[in-house]
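Side-chain atoms are counted along with the backbone in the values below, which use heavy atoms only and exclude waters and symmetry mates.
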Amino acid sequence: SYGIVPYVNPPATGSIAGIVGAGGNTGAVAFGLGFRQLPYYDAFILMGSCIIASGVLSLFICIKGHAGLVTGQDSEEAIAAWKKLGSA
């Protein structure tokens, strides 16, 4: 997802954004082939299963210094940044 690109490796944000974008194009081609080769029902089941699986896996994304969706704790710097943003 584009939302986590700046956090993965800040000095290489452009490269990582390119890889994420290429992944989107790869998925479009793969699902296009799925709709071409499979009956529509099976293609929609395949696409829905991939979306559900990626949603479940997103629970386990860990970004250094930030709490995850279900685990972890924000760093003092992240907490201070949120407080500063809230008072502005």
Side-chain donor-acceptor pairs of residues 52-61 under 3.5 Å, sequence neighbours excluded:
from: S54; atom 1: OG; to: C50; atom 2: O; distance (Å): 3.3
from: S54; atom 1: OG; to: I51; atom 2: O; distance (Å): 3.0
from: S58; atom 1: OG; to: G55; atom 2: O; distance (Å): 2.6

### Task
Could you pull out all residues at least two apart from F31 that satisfy ring pair (Phe, Tyr, Trp, His ring centres under 6.0 Å)?
none
Could you list the donor-acceptor pairs under 3.5 angstrom formed by side chains in residues 12-27, with sequence neighbours left out?
from: T13; atom 1: OG1; to: P10; atom 2: O; distance (Å): 2.8
from: T26; atom 1: OG1; to: A22; atom 2: O; distance (Å): 2.8

Atom pairs and distances, side-chain donor-acceptor, residues 32-44, under 3.5 Å, sequence neighbours left out:
none

